[in-house]
Amino acid sequence: MKIIIVGAGDVGFHLAKLLSFESQDIYLIDMNAEKLEYVSNHIDVITLKGDATSVKLLKSINIDKADIFLAVTESQNTNFTLAVIAKKLGAKKTIARISNHEFSQTTDIDFAEIGIDVMISPGELAADEIRMLINQSAFNDTIEFENGTLNILGSTLEYNSPLINLTVQEAREKFNNIDFITIAIKPENSGETIIPRGNTVYGANDQIYFSTPKDHIKKLYKLMGKTPFGVKDIMILGASKIGVKAARNLCDSKFNIKLIEINKERAKDVAEKLPGALIIKGDGRNVELLEEENISQMDAFIAVTGNSETNIMSCLVAKSKGVKKTIALVENMDYINISQTIGIDTLINKKLLAASVIFKHVRKGEVLKLANLHNVDAEVLEFRVKENSPVTKKIIRDIKLTKKAVFAGVIRDGIAMMTFGNFQILAGDKAVVFCLPEAIHTVEKLFN
């Protein structure tokens, strides 16, 4: 498969990194030589310095042979232009990163007619992610499949968790009245993600990821050593596009929203757009202001300003005032793995979310959904199981699955089922697999 990526920023780099684990024919184009040098030193792709709007340049790399063309620069207008040109020059599928989510929602324009097959809005994805995280308040990571029929949930193990010092196998036997699979463990103060085996031991303050059906989520609270708490009052810092979209989503879900914005004109404009929220003009870095607005009485605090450090520090202030749930938007992808270390529940990165959604369009097989977990460098894939695919030939324990992946469950006829050792995956199932990036290609072979 030939893939051309334009834009060597965080989205482009992450996509190229995921694809570089496979024998793909990948080109990464950017005007910035320094960015391209960094890419060349870290991953095995073909880099090309130049202006991708140049027809001559695109023809020189045989754009007409491209299976997928990805325009993921910081400029929406540039991405639109690139996608149209690439399609006219013969690229089979074009994907453009956009900043205005209105384009992805309108039915007045058929963008495919002008050459843009898929549009991805990182901001919209981040706002939707925030809503999902708020709905599963005690967990710092959550992915839903089939409207919550099957769920991936992540959180740290409290010191009173009954799982501590048990092996995964012992926990499975002791709590056999709860349907769950432990799909990943990230030990405290470790950057390593472990795909657990039967003899893997749970430790206090480890970050644990489970898969479970909807009706067993409440039972998991006890295993985690956590007490369920409701979220009603939410404070949002920053009337950015993400802040406004998140506020609108949460207002629609009947949450009480206070939104703080430092810019007077912006605050006034947002107040008119969001009559259901209380808009406060002020500097959210001012602790006195936060106290005046009763931050200690908030159930959740969401920081989505354009400054990562402001978002992190304000969430830490919120935590110190007793706020149970904190979410910070960060631009630097390197920050993603440190949220538990510094005491914030969840750090989200809109570029990483966008890269994962785009990556789904590159996959072979019938990938229905692809999502990333916030605190680990791994992917969760949902496949529609085809007739006679290798994964249907044996029961789970006899399938030679790489140690860098684990089956997280299947959805069959609208019902979530746990994929334990004697389970048989059937054609027509929707199977969910958790895997490290380097294992994706191997896992796909089971579903082809």
Side-chain angles (χ1 to χ4, degrees), residues 1-20 22 24-33 35-36 39 45-128 240-242 245 350-364 367 369-370:
M1 183 179 284
K2 181 170 185 172
I3 300 168
I4 298 174
I5 304 170
V6 182
D10 286 340
V11 177
F13 176 78
H14 189 67
L15 284 167
K17 179 183 175 184
L18 290 172
L19 293 165
S20 69
E22 310 166 25
Q24 305 275 19
D25 187 11
I26 304 161
Y27 290 78
L28 183 57
I29 306 171
D30 200 284
M31 293 287 287
N32 189 313
K35 284 183 179 179
L36 292 175
V39 171
V45 297
I46 302 166
T47 59
L48 185 63
K49 181 181 180 296
D51 179 1
T53 60
S54 165
V55 173
K56 183 178 179 181
L57 183 146
L58 293 175
K59 282 187 171 181
S60 73
I61 56 171
N62 298 318
I63 183 72
D64 58 313
K65 300 289 196 302
D67 296 286
I68 299 176
F69 181 89
L70 304 168
V72 292
T73 74
E74 296 285 345
S75 168
Q76 173 181 269
N77 293 344
T78 300
N79 295 336
F80 266 38
T81 303
L82 287 166
V84 172
I85 292 173
K87 179 64 85 171
K88 293 297 182 184
L89 291 176
K92 292 184 179 68
K93 186 173 187 177
T94 60
I95 300 174
R97 170 187 173 185
I98 63 172
S99 54
N100 185 350
H101 66 262
E102 182 185 359
F103 288 128
S104 61
Q105 296 175 336
T106 184
T107 56
D108 296 328
I109 303 171
D110 184 353
F111 286 96
E113 282 188 354
I114 61 173
I116 306 168
D117 296 312
V118 180
M119 292 181 292
I120 305 293
S121 169
E124 187 174 10
L125 294 171
D128 290 342
S240 60
K241 287 182 180 179
I242 295 173
K245 178 74 162 52
K350 61 183 181 182
K351 298 171 184 175
L352 191 59
L353 292 171
S356 286
V357 172
I358 293 169
F359 192 53
K360 183 188 82 169
H361 293 278
V362 182
R363 309 319 311 144
K364 306 184 195 76
V367 178
K369 183 171 183 176
L370 187 147

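All residue numbers in this chain count up from 1 along the given sequence. Bear in mind the structure is a predicted one, so any value in this text is a computation, not a measurement.
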- Item | Working for side-chain contact (heavy atoms from CB on, under 4.5 Å), residues Val45 and Leu19 | CA-CA 9 Å; Val45 297; Leu19 293 165; over 6 Å; no

Look up atom [atom1] in [X] and atom [atom2] in [Y], then write down how far apart they are to the nearest 0.5 Å.
X	Y	atom1	atom2	value
Leu125	Ser356	CG	OG	9.5 Å
Met1	Ile68	CE	CD1	5.0 Å
Phe359	Leu70	CZ	CG	11.0 Å
Thr94	Ile4	OG1	CD1	12.0 Å

- Under 6.0 Å from the NZ atom of Lys369, do we count more than 12 heavy atoms belonging to anything else shown? yes

- Phe69 vs Leu82, side-chain contact (heavy atoms from CB on, under 4.5 Å): CA-CA, chis, key distance, verdict: CA-CA 9 Å; Phe69 181 89; Leu82 287 166; 3.9 Å; yes

Any donor-acceptor N/O pair, [X] side chain to [Y] backbone, under 3.5 Å:
X	Y	answer
Asn32	Lys35	yes
Lys87	Lys92	yes
Thr73	Gly7	no
Asp67	Lys2	yes

Quick check: closest heavy atoms across [X] and [Y], and the distance to 0.1 Å?
X	Y	result
Leu15	Ala355	CD2-O, 3.3 Å
Ile5	Gly12	CG2-CA, 4.0 Å
Leu57	Lys49	CD1-O, 4.4 Å
Ala8	Val39	CB-CG2, 4.4 Å
Leu353	Ala126	CD1-CA, 3.6 Å
Asp117	Ala112	OD1-CB, 4.4 Å

- Electrostatic pair Lys350:Glu124 at N-O distance under 4.0 angstrom: no

- Note on the structure: Residues passing the side-chain hydrogen bond (donor to acceptor under 3.5 Å, both in side chains) test with Ser99, sequence neighbours excluded, are Gln76

- Task: Please lay out, stage by stage, how Phe13 and Leu28 fare under the test side-chain contact (heavy atoms from CB on, under 4.5 Å).
- Result: CA-CA 8 Å; Phe13 176 78; Leu28 183 57; 5.7 Å; no

- Message: Looking only at the side chains, is there a donor atom on one of Asp51 and Thr53 sitting less than 3.5 Å from an acceptor on the other?
- Response: yes

- Task: Quickly, which of Thr47, Ile46, Ile61 forms a side-chain contact (heavy atoms from CB on, under 4.5 Å) with Ile29? Name it, please.
- Result: Ile61

- Item | ring-ring contact (aromatic ring centres under 6.0 Å, His included) involving Tyr27 - partner list, sequence neighbours excluded | none

- Dump the intermediate steps for side-chain contact (heavy atoms from CB on, under 4.5 Å) on Ile116 and Phe103, then the final yes or no. CA-CA 11 Å; Ile116 306 168; Phe103 288 128; over 6 Å; no

